[in-house]
Amino acid sequence: MEPVQLLDTDGRLRHNPDWPLEITPELCRDLYRRMKRARRFDDEALALQRQGELGLWLQSLGQEAAQIGSVTALRPDDHVFPSYREHAAALSRGITPAELLVQWRGNRHSGWDPAHYRFHIYTLVLAAQLPHAVGYAMGVQRDGSGEIVAAYFGDGASSEGEANEALNWAAAAGAPVLFFCQNNHWAISTPTQIQMRAPLHQRARGFGLDAHLVDGNDVLAVHAVTTAVAEQIRAGGGPALIEAVTYRLGGHSTSDDPGRYRSASELDSWTARDPIARLEALLTREGWLDAQFRAEVESECDGLAEETRKVCRELPLGDLGELFGAVLTEETPLLATERRGYRDLVSSYVD
Ligand SMILES: Cc1ncc(C[n+]2csc(CCOP(=O)(O)OP(=O)(O)O)c2C)c(N)n1
Ligand SMILES: [Mg+2]
């Protein structure tokens, strides 16, 4: 099965009657601006980690179209359950750079209020957010509020038992949930092809979900498919899955050296399919990228970069000892021992 594509790798529009989308200059410019902002933020965060300001960073580089195309197809009150690399989607929802960086600076386990943004906190335990999303969707179903739930996860996470339980449970309950998998070809150093024999969208159909394969580096295709699928779920059509074929252009994290397991030619072939360059080619060809708009986006990105550097350095270093108080309502003897051990360790530091 070929992934749905509306924009070929050279940025030429491909007519696709199955997935109608009104392609206007406004829509394309808006998606472009959101993707450019996301990439600039990601670049800054990477640099901040290399400068010692962040403990760790997981880049979203190359996955902007998959995230922006999908999140903008949801309504603002649809609840999103992300995994840990959805910075482009988070920024697009209005989460601030400071709120996004808190966790990676090691200050708190999350920086934003999920109820305010309708965007759940990041989940680092692979696939744990998927049963949570289904449970939330079952609540939404009972409330009859007209919201839907969207859950992001990776190809590697789809191997977890929880992912498969969530797909089955969602189908059995007819829950209004959209599973959005960014298949970026790698789970750290494990390539997708050795994790599964049947592609995820086929597996999802086996569970009884409606499932689609989309070119995840084509923001228009992702937007068109997600818009249609979201409305189908909202209309009571039951859960669905979208598998977006994309590529992680960076390492898994700043602790990873992808040069040890993937080839330069693979990276080159995906760099040539860069999702932002592809949309830029369309904008340029159509005459929708005039000098003024380009300058506006550049200056907005410069401002975002400046803000990112400033707020990161200003984030107060919290007392990590407080984390022990957030585990259980009543402290167990083991937790008390661990808390004292942590305090002793900190007080043993010379500086
Ligand atoms: C339950 C669990 N097992 C293992 C890990 C370690 N781990 C962190 S990320 C990762 C790979 C995940 O790959 P994928 O789901 O494809 O997401 P990607 O990082 O490619 O976006 C692994 C194995 C973890 N966080 N949680
Ligand atoms: Mg992956």
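We count ligands from 1, going down the list as the structure has it; atoms in each ligand are counted the same way. Quantities reported herein were computed from a predicted structural model and do not represent experimental measurements.
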Original post:
Can you check whether I188 has an N/O within less than 3.5 Å of an N/O in ligand 1?
Top reply: no
Original post:
Of the options R39, R40, R85, which is the one that meets E64 in a salt bridge (Lys or Arg N to Asp or Glu O under 4.0 Å)?
Top reply: R39
**OP:** Starting from atom 26 (N) of ligand 1, find the nearest protein heavy-atom neighbour and note its residue, name and distance.
**Re:** L126 N, 3.2 Å
Original post:
What atoms in ligand 1 come closer than 4.0 Å to a heavy atom of R85?
Top reply: 18 (P), 19 (O), 21 (O)
Original post:
Under 4.0 Å between a Lys/Arg side-chain N and an Asp/Glu carboxylate O for R75 and E231?
Top reply: yes
Subject >> Close aromatic pair by centroid cut-off 6.0 Å: W104 and Y84 >> reply: no
Original post:
With a cut-off of 4.0 Å, which atoms of ligand 1 are near a heavy atom of Y84?
Top reply: 9 (S), 12 (C), 13 (O), 17 (O), 18 (P), 19 (O), 21 (O)
Subject >> Any F179 side-chain heavy atom under 4.5 Å of L200 side chain >> reply: no
Original post:
Would you say A157 has any N or O atom under 3.5 Å from an N or O of ligand 1, going by distance alone?
Top reply: yes
**OP:** Within a distance under 4.0 Å of any heavy atom of D155, pick out the atoms of ligand 1 and give their elements.
**Re:** 15 (O), 16 (O)
**OP:** Inspect the contact between R93 and D78 and indicate whether a charged nitrogen and a carboxylate oxygen are less than 4.0 angstrom apart.
**Re:** no
Original post:
What part of H252 sits under 4.0 Å from ligand 1 if we count only heavy atoms: the side chain, the backbone, both or neither?
Top reply: side chain
Original post:
Per the side chain to side chain donor-acceptor pair (under 3.5 Å) rule, which among E266, Q63, R273 passes with Y247?
Top reply: E266
Original post:
With ring centroids as reference points, do H120 and H132 lie under 6.0 angstrom apart?
Top reply: no
Subject >> Those residues that, when tested against D8, pass side chain to side chain contact (heavy atoms under 4.5 Å, CB included) (two or more places apart) >> reply: Q5, D10, R12, R14
Subject >> Subset of ligand 1 atoms that lie under 4.0 Å from at least one heavy atom of G156 >> reply: 13 (O), 14 (P), 15 (O), 16 (O)
Original post:
Got a sec: does the CD of Q292 have more than 12 other heavy atoms crowding it under 6.0 Å?
Top reply: no
Subject >> Every N, O or S from the protein that is nearer than 2.8 Å to the Mg ion (ligand 2) >> reply: D155 OD1, N184 OD1, W186 O
Subject >> Check: P176 and R234 side chains under 4.5 Å, non-hydrogen atoms >> reply: no
Original post:
Side chain, backbone, both or neither: which part of E160 has a heavy atom under 4.0 Å from ligand 1?
Top reply: side chain
**OP:** Run the salt-bridge test on E298 and R294 with the 4.0 Å N-O cut-off and return the result as yes or no.
**Re:** no
Subject >> R29 NZ/CZ over F293 ring centroid, <6.0 Å and within 45° of normal >> reply: yes
Original post:
Is N184 touching ligand 1 with its side chain, its backbone, both, or neither, if touching means heavy atoms under 4.0 Å apart?
Top reply: side chain
**OP:** Between L124 and ligand 1, find which residue part has any heavy-atom pair under 4.0 Å and reply side chain, backbone, both or neither.
**Re:** backbone
Original post:
For V125 and ligand 1, does the shortest N/O to N/O distance drop below 3.5 Å?
Top reply: no
